[in-house]
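Structure, as C-alpha cells:
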Amino acid sequence: MSLLKQAVTIYTENFERILLLAFTILLPFLLFHGAISNYVFYLVADTPAQFYGDFSNLYLMMIFYLFVQIPFIQLTKSDQEGEEAVIKKSYISFLKYSSSVFLFGVVFITSVLLGMVLFVIPGIIILLFFYFTPYVAVYNERSVWKSMKTAFQVAKKNMMKLICLLLVIALIEGVLSSLLMQVVSLFSLNYFVILFPQLLLNMMLLPLFVIFTSLCYDKWAKDLYSTRIQNSNAFVGIESK
C-alpha cells in the first residue's frame with residue numbers, strides 16, 4: 001500500500017476523531033494566531049514598521065504549526081500500532097509534548113528566521129534538518145531535545161525527498177487556499193466571511209498532511225535503521241574473516 005493511500009485510509013477511518021482534535025486543539029490556535037497577527041498588523045498599519053506585521057504572522061504560524069501537529073502524529077502512530085483509546089492518547093501526547101515543543105519551536109523558528117534574514121540558505125537548511133523533531137519525540141517517546149539528533153539523521157538521509165514533500169504540501173495548500181479565497185470573494189468581501197472557509201480548509205488539510213508526513217518519517221526512519229543494521233552486520237562479517 002502506498003504511503004498516500006495509507007494516509008487517506010487513516011484519515012477517512014478516523015475522520016470523526018480528527019474533527020474532534022481539529023475543533024478542540026487546532027481551531028483555538030488558528031483563532032489565536034489570527035487575532036494576534038491582526039492586532040499587530042493594526043498597530044503597525046500606515047507606519048514604517050509594517051514589516052513587523054508580516055514577521056509576527058510568519059513567526060507565530062511556524063511555531064503553532066510545530067506543536068499542533070502532535071495529536072495527529074500520535075493518532076497516526078496509534079492507528080499503525082492498532083492501539084485502543086486513540087483520542088485519549090492523542091490528547092495525552094499533546095499535553096505531554098506541547099510545552100517542550102513550543103520552547104523548541106521558539107529556538108528553532110528564531111534560528112530559521114534569523115538564518116533567512118541574514119542569508120536565505122542557512123535558514124532553510126536549519127528548517128529541513130530539524131523538521132522531524134516533534135515526530136521523533138512522539139514516535140520514540142523521547143524528549144524533544146534528545147530527538148534532534150535522530151531528526152537530523154533522518155532528514156540528512158532523505159533530504160531531497162523531504163524538500164519535495166514540503167514543496168508539494170505548500171503548493172497544494174497555497175493553490176487551494178487561493179482558489180477558495182477567490183470563490184468566496186465573489187460573494188462577499190467581509191473579513192469574517194472570507195476567514196471562516198480558510199479556517200475550515202486548514203482544519204481539513206493539516207491533519208491529512210501531518211498523517212502523510214508521519215508515515216513518511218516512520219518509513220524513512222525504519223529504512224535508516226535497517227541500513228545501519230545491514231552495514232553493522234557487514235562490518236562484523238569482514239572483521240570475522
Side-chain angles (χ1 to χ4, degrees), residues 21-22 24-44 49-77 90-156 159 162-163 165-167 169-170 173 199 202-203 205-207 209-210 213-214 217 221:
L21 293 172
T24 56
I25 295 178
L26 180 55
L27 180 59
F29 284 106
L30 289 174
L31 292 173
F32 182 70
H33 167 256
I36 296 296
S37 297
N38 284 318
Y39 179 69
V40 175
F41 276 122
Y42 171 77
L43 291 178
V44 300
Q50 291 186 27
F51 163 78
Y52 290 105
D54 294 322
F55 178 82
S56 65
N57 177 54
L58 179 62
Y59 186 75
L60 288 175
M61 180 181 68
M62 293 178 75
I63 291 179
F64 287 163
Y65 180 76
L66 275 179
F67 69 88
V68 296
Q69 296 182 95
I70 296 171
F72 305 108
I73 298 172
Q74 179 62 55
L75 181 143
T76 308
K77 178 190 175 187
S90 295
Y91 282 116
I92 290 175
S93 185
F94 179 73
L95 293 174
K96 179 179 179 180
Y97 294 107
S98 58
S99 59
S100 57
V101 171
F102 177 79
L103 293 175
F104 164 77
V106 171
V107 176
F108 175 56
I109 300 304
T110 300
S111 302
V112 169
L113 293 180
L114 282 176
M116 289 183 174
V117 169
L118 298 176
F119 190 62
V120 175
I121 299 301
I124 295 175
I125 290 175
I126 294 171
L127 173 63
L128 293 171
F129 276 153
F130 299 106
Y131 183 81
F132 281 132
T133 301
Y135 294 82
V136 179
V138 174
Y139 266 85
N140 295 350
E141 298 183 5
R142 190 187 302 169
S143 78
V144 172
W145 307 106
K146 292 181 179 179
S147 300
M148 294 177 66
K149 181 179 179 181
T150 302
F152 174 84
Q153 292 169 339
V154 175
K156 182 180 178 182
M159 183 59 68
L162 178 57
I163 292 174
L165 172 65
L166 296 181
L167 285 177
I169 288 175
E173 197 279 333
L199 290 175
N202 287 330
M203 291 170 60
L205 287 181
L206 189 141
F209 291 154
V210 176
T213 305
S214 298
Y217 160 74

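All figures in this text were calculated on a predicted structure; none of them were measured in a lab.
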Distance-only donor-acceptor pairs under 3.5 Å for side chains of residues 128-136, two or more places apart:
unit_1 : atom_1 : unit_2 : atom_2 : d
Tyr131 : OH     : Tyr65  : OH     : 3.4
Thr133 : OG1    : Phe130 : O      : 2.8
Tyr135 : OH     : Gln69  : OE1    : 2.5

Gap separating the CD1 atom of Ile73 from the OG1 atom of Thr213, nearest 0.5 angstrom = 8.5 Å

For Val144 and Val101, which heavy atoms make the closest approach, and how far apart are they?
-> CG2-CG2, 3.6 Å

Identify the two heavy atoms, one from Leu21 and one from Phe72, that lie closest to each other, and give their separation to 0.1 Å.
-> CB-CE2, 3.7 Å

Report the residues that fulfil side-chain contact (heavy atoms from CB on, under 4.5 Å) with Lys146, sequence neighbours left out, ordered by chain and then residue number.
-> Arg142, Ser143

What are the two closest non-hydrogen atoms of Pro28 and Ala22, and how far apart are they?
-> CD-O, 4.5 Å

Chi angles and distances behind the side-chain contact (heavy atoms from CB on, under 4.5 Å) call for Met148, Phe104 = CA-CA 10 Å; Met148 294 177 66; Phe104 164 77; 4.0 Å; yes

By side-chain hydrogen bond (donor to acceptor under 3.5 Å, both in side chains), which residues pair with Glu141, not counting sequence neighbours?
-> Lys77

Thr24: side-chain contact (heavy atoms from CB on, under 4.5 Å) partners, not counting sequence neighbours = Leu20, Tyr91

Show the numbers, then the answer: is there a side-chain contact (heavy atoms from CB on, under 4.5 Å) between Leu199 and Leu31?
-> CA-CA 8 Å; Leu199 290 175; Leu31 292 173; 3.6 Å; yes

In chain order, what residues pass the ring pair (Phe, Tyr, Trp, His ring centres under 6.0 Å) check against Phe29, with sequence neighbours excluded?
-> Phe64, Phe67

Leu165 vs Phe209, side-chain contact (heavy atoms from CB on, under 4.5 Å): CA-CA, chis, key distance, verdict = CA-CA 10 Å; Leu165 172 65; Phe209 291 154; over 6 Å; no

Could you tell me whether the side chain of Tyr97 and the main chain of Ala137 form a donor-acceptor pair under 3.5 Å?
-> yes

Contacts of Ser98 that satisfy side-chain hydrogen bond (donor to acceptor under 3.5 Å, both in side chains) - sequence neighbours left out = none

